[in-house]
Every structure is written in C-alpha cells, then in structure tokens.
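The block underneath contains the structure these notes are about, expressed in structure tokens.
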2 protein chains.
Amino acid sequence: MLTTLSGRETKLIFAIMQDMTAIQDARQLRLQLGAHLLDLLEADYFASFVWTRTEGDTDAVFLNMDERNLAAYQHHFQHCDPITPRFRMCRRATHLDQIISREDFLRTEFYNDFLARDGLHQGMNFHAYAATGHLGDLRIWRGAGKDTFQQRDLDILNAIGTAFGQALANMRTNEQKQREADPRLRLAAWAARHQLTGREQDVLCLVSEGKRDREIALDLNISVTTVRSHLKAVFQKSGVTSRAELLASINARLSLQ
Amino acid sequence: MLTTLSGRETKLIFAIMQDMTAIQDARQLRLQLGAHLLDLLEADYFASFVWTRTEGDTDAVFLNMDERNLAAYQHHFQHCDPITPRFRMCRRATHLDQIISREDFLRTEFYNDFLARDGLHQGMNFHAYAATGHLGDLRIWRGAGKDTFQQRDLDILNAIGTAFGQALANMRTNEQKQREADPRLRLAAWAARHQLTGREQDVLCLVSEGKRDREIALDLNISVTTVRSHLKAVFQKSGVTSRAELLASINARLSLQ
DNA sequence: CCTTGCCTCCTCATTTTGGAGGATGCGCAG
DNA sequence: CTGCGCATCCTCCAAAATGAGGAGGCAAGG
C-alpha cells in the first residue's frame, strides 16, 4: 500500500488515532470512529456490530440509518442476510463486489427489501478477529449515484480496521480482567461451580463478608442452627473445612489453582 | 493543521496507529514508536522517558545513542539539563528554538559536553500529561547538517504524541487496576496499613491461605501458642475480631470502605 | 400418591478460635 | 546499663465453629 493523504484526510486519520487510544468504551469508540470514517471515506452510512462474549449476542451501532429499517434487520433480515457471512470470512477490508456479482446482488431480496430502502448501494466491510474468534466489524456504505469504493479506500479501511480490532481486543481483555477481579462475580462463579442452592449462597455471601453465624442468622431471619446447616452443606459440596479456607478458595485465582 | 502526507508517511502513520493499539508494554511501545518516528520525521536520535509512579523514578528508552554517554546523562547531566525542564512546561510538541535561542544553546555546557558528543543538533520534544501529572515524553533529534524541524514536523509529532499520552495513561490505569487486584499486594498493603511486624505478616499470610493455627505453627516451625500470640496482635492492631472478618477486610475494595 | 430437593430447625460431641494475662530471651538505641 | 520492641512460649477460659445425625414442612414433578 502506498497512497498519499490530503490535508483533510490527514487530519481525520489523526483524529481516528486519538479515538482509538482515548475512548475505552466499545460503543463510544464506534460512534466516534464511524463519524470520522464516513467523513474520511466520503461515505454515507455506517454500521458496526460487536459480538459479545455471550454466544450470538451482538451490540450494534449505526449512523444515518433508519430506525425502523434497522429493527427489521434485527428481527428478520439478519437471518437471511446473504452478504455478511461472506464478508465475515474475509480477514481484510473487503468490497461488496469481491464477494458477490453486482447482478446477483441486485436480485437479492435482501438488497431490494432492506438495503435499498435506506439507500445503501456500495459497501465495504472490515471484520476484526482475535485469537479467541470474531470480535466485531465496521460496515461502510455509499448511497446511489456515488462512485464505487477504490482499492485506496479498502487500504485505508484495512489499516484502521486492524487497529480497531486491536482496540476491541484490548477492551475485551480489560473487561475480562475486571470481571475476574470483581468479588461479587467471583463469589457467584464459585457458588455456581459447587452447585449451591439459593439459601446456601445467601449464607456464603454473608460469610464472605466476615460475619459470624449469629449475625448471619439475624440478617437472614433464620435460626443459627439453620445457618449452620447451610454452611455445613457448603463445606460438604466444596470439600472445604473452615470459613477461612472457604474465603481463600473463593479468592484464589483460578489460574493458580 | 492541514498537511498532506506522502505514501511513505501514510504507511508509517498507519504502522504507528497499530503500535499504539497493539503494544501494551510502555517500553516496547516506545521502542517501536521511536523507530517509526525516526523514519517518519527523518530524524536520527530518539529518547523517551517515562515517569513511574514512584516519585522521581524514570524509565528511559533510546535509539541510536551511545551507551556511555547515556550513563553520563543518568548520573550527571540529567541534573544540570537546561532544556528539558523548559520543554516539559510545554503541553504541545515543541521545537528547541522555541525554548532557547540558538546562541545561548550552543554556549551551554550541556550541549558541548553532552549532546554534541552524540551529534544531537536539532530537537523537538513532546511531553505527555494526564490529570494525575506528567506521564512521559518523546524526544526527537537530528544530527548536524540536516535541516531544522518545520512546523509540519511539530504538528505530526503533536498528533502522535497526544495519542501516545493516551496510550501511556491507559497502561498506567490498567497497571493500577492490576495492582489493586493482586492478592499478595493487597495483603502487603493491608499489613503495612496496620503496621504489622514481620512475624505477624508471616502468620497473616498463612491465615489468608485458609490455614488453621496448627498448620501455621508447623509451617513456621513455632508453637501454636506463638501463632496465637501473633494473631492476637494482628487483631489488636487492626480492630478485627475473627479470621473471616480479617480476610473480608483484606479483600474489601478500598473504594467501598 | 410418592419421591425428591430444599429450607427449616434440633441435639450432642469435638475442635478451633479469641481474649486476658503473664513470662523469657535477644538485639538495639539512647 | 536500661529500656523498648519483637519473637517466643505458657495457662486458663469462654465463645465460636465444625461434624454427625436426625426430623418436619412444602412444593414441583413423575
């Protein structure tokens, strides 16, 4: 790749560089990035999906697209979208024409009933991947009457997309670390691992706050012997033999176990 | 700022954007960034200092500079460096000529005995700040016989420096979070907060692993009563009244206290 | 209807822990 | 030398926690 950048483009590239380092929220980043990308690539429509860790769940961000049409995508067209799966297979910025012939494209229900309504004619996508799998994408479209995207546009999107993928991966990693460090989540994960019942979890939770049986009984409005029963069950299920060991077990980093 | 970029420059800018998002280690980032910046700005020497959280301590990275001369800087010239403090006061990329007149500069001991030895003649600095204070810098120098830096170079360094500052600040924040989440450091901090003696810390450490008095005594090769004595002192000093409460106190987020 | 799981409560025995007080020895700074 | 802090050990006692075993009620599901 060897392309020059105009003053306007340079300014936008630098703005994008700032976005990438300054914004730590995936949604915010994509909104900002989207605005700058539309400007930079002289495009009209922007969409970005990010795959969350819970399988199949996506977080979507859009610019200049019709709310109702989008709802239609989320409910229906998403499932019969013939182009996104093909875009997704490409690890570089990819032009619509590279994955489907113009004639075939113009014949699809997807184009006629969905894309055309918003005026989307020319598109490029970038799909970001990490070692763990698909992270998210950047989708750039131009309306009717504009020129098609050039190799130069693809190169620019590719460079920015790569950095965007890194930024997304970093956010993902940070969120993961945050989650692992959150005491409440650790507790919940530990409880789930040992299949504790609701009441056992209640007791566990108060034990983890350093409370005594008597206090726990008061807090939960049950008798001390009941607290002991639940706690006994927790010990039984987890193979632990004292509160201190219990807390140590909960706080132990999984990687060190 | 409105400047065009050549193909070569564009390529380097994109490489720098990758650096900024891909590299999570401050040292690595600066080495990589330094190489790309020298190429981009057609400069010869690169140095970058990063201020660590411990007051006054710096981590330095260099390219193309003489090891022995650097040692001299760390030991002596650092303390009589007449230009860095002035550079440091500027919140934008700054040219040497903007902070000192050429004549004055050429008369300084610092130039003659230190910079000139490595061949440093023209310089620009960027100093990065966060809300918490000074983060670090980027120092770019050209050797004798080259043109002086132009406003265009300053603009480029400024844009990259700003993003670099963000990246540094992010690393700082992440490290901080990591530290707060590290059980050993939490323990040490807690111990320090309550002014525990060495032996008390030893006992505390084993208690935090969920061990019983008897086990601790075996581990430390002392009698159970001694363990109890130490533990009693820990309780006394910290105002806590049970092991479980102790562990809860250690694991409590400071912000929630 | 009957089983199963969960929550609730109980007793009795044992171990562990916490609290109070004191004692010895050692090294170090005033 | 004389405290002082620290580590080591002790006794005695009471409170808390653990372990084993059992029992009644209640709701959901076969």
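Scope of the values below: all heavy atoms of this structure, side chains included, with no hydrogens, waters or symmetry mates. Each chain gets a letter, A, B and so on, in the order its sequence line appears, and its residues count up from 1.
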*Taking atom types as modelled and ignoring hydrogens, do the side chains of Thr241(B) and Arg212(A) form a donor-acceptor contact shorter than 3.5 angstrom?*
yes
In whole Å, I'd like the distance from the [atom1] atom of [X] to the [atom2] atom of [N].
X	N	atom1	atom2	value
Gln236(A)	dT18(D)	CD	C1'	12 Å
Leu231(A)	dT8(C)	CG	C1'	15 Å
Asp202(A)	dC7(C)	CG	P	8 Å
Glu245(A)	dT18(D)	CD	P	10 Å
Arg243(A)	dT16(C)	CZ	P	16 Å
Leu246(A)	dA17(D)	CG	C1'	13 Å
Ile216(B)	dA7(D)	CD1	C1'	16 Å
Arg214(B)	dT18(D)	CZ	C1'	13 Å

*Position toward the 5' end of DNA chain D (nearest nucleotide), Thr197(B) or Arg228(B)*: Thr197(B)
*Pick the nucleotide of DNA chain D nearest each of Thr241(A) and Lys232(B); which residue has the one closer to the 5' end?*
Lys232(B)
*Reckon Ser223(A) touches a base, only the sugar-phosphate, or nothing at all at heavy-atom distances under 4.0 Å?*
sugar-phosphate
_Under 4.0 Å, counting only non-hydrogen atoms across every strand here, what does Ser229(B) touch: a base, just sugar-phosphate, or nothing?_
base
Ignoring the backbone of [X], work out which of [options] is nearest its side chain.
X	options	result
His230(B)	dT17(C), dA7(D), dC9(C)	dA7(D)
Phe235(A)	dC10(D), dT18(D), dT15(C)	dT18(D)
Asp213(B)	dT8(D), dT17(C), dA17(D)	dT17(C)

*Do any N or O atoms from the side chain of Asn112(A) and from the backbone of Thr108(A) form a donor-acceptor pair under 3.5 angstrom?*
yes
_Check: Leu120(B) main-chain N/O paired with Asp118(B) side-chain donor or acceptor under 3.5 Å_ = no
*Compare side-chain N and O positions of Arg199(B) against OP1 and OP2 of dT8(D) and report whether any pair is under 4.0 Å apart.*
yes
*Does Ile222(A) or Lys237(A) map to a spot on DNA chain C nearer the 5' end, using the closest nucleotide for each?*
Lys237(A)
*Run through Phe49(A), Tyr45(A), Phe46(A) and flag the one making a ring-ring contact (aromatic ring centres under 6.0 Å, His included) with Phe62(A).*
Phe49(A)
_Distance-minimising heavy-atom pair for Ile23(A) and Leu29(A)_ = CG2-N, 3.4 Å
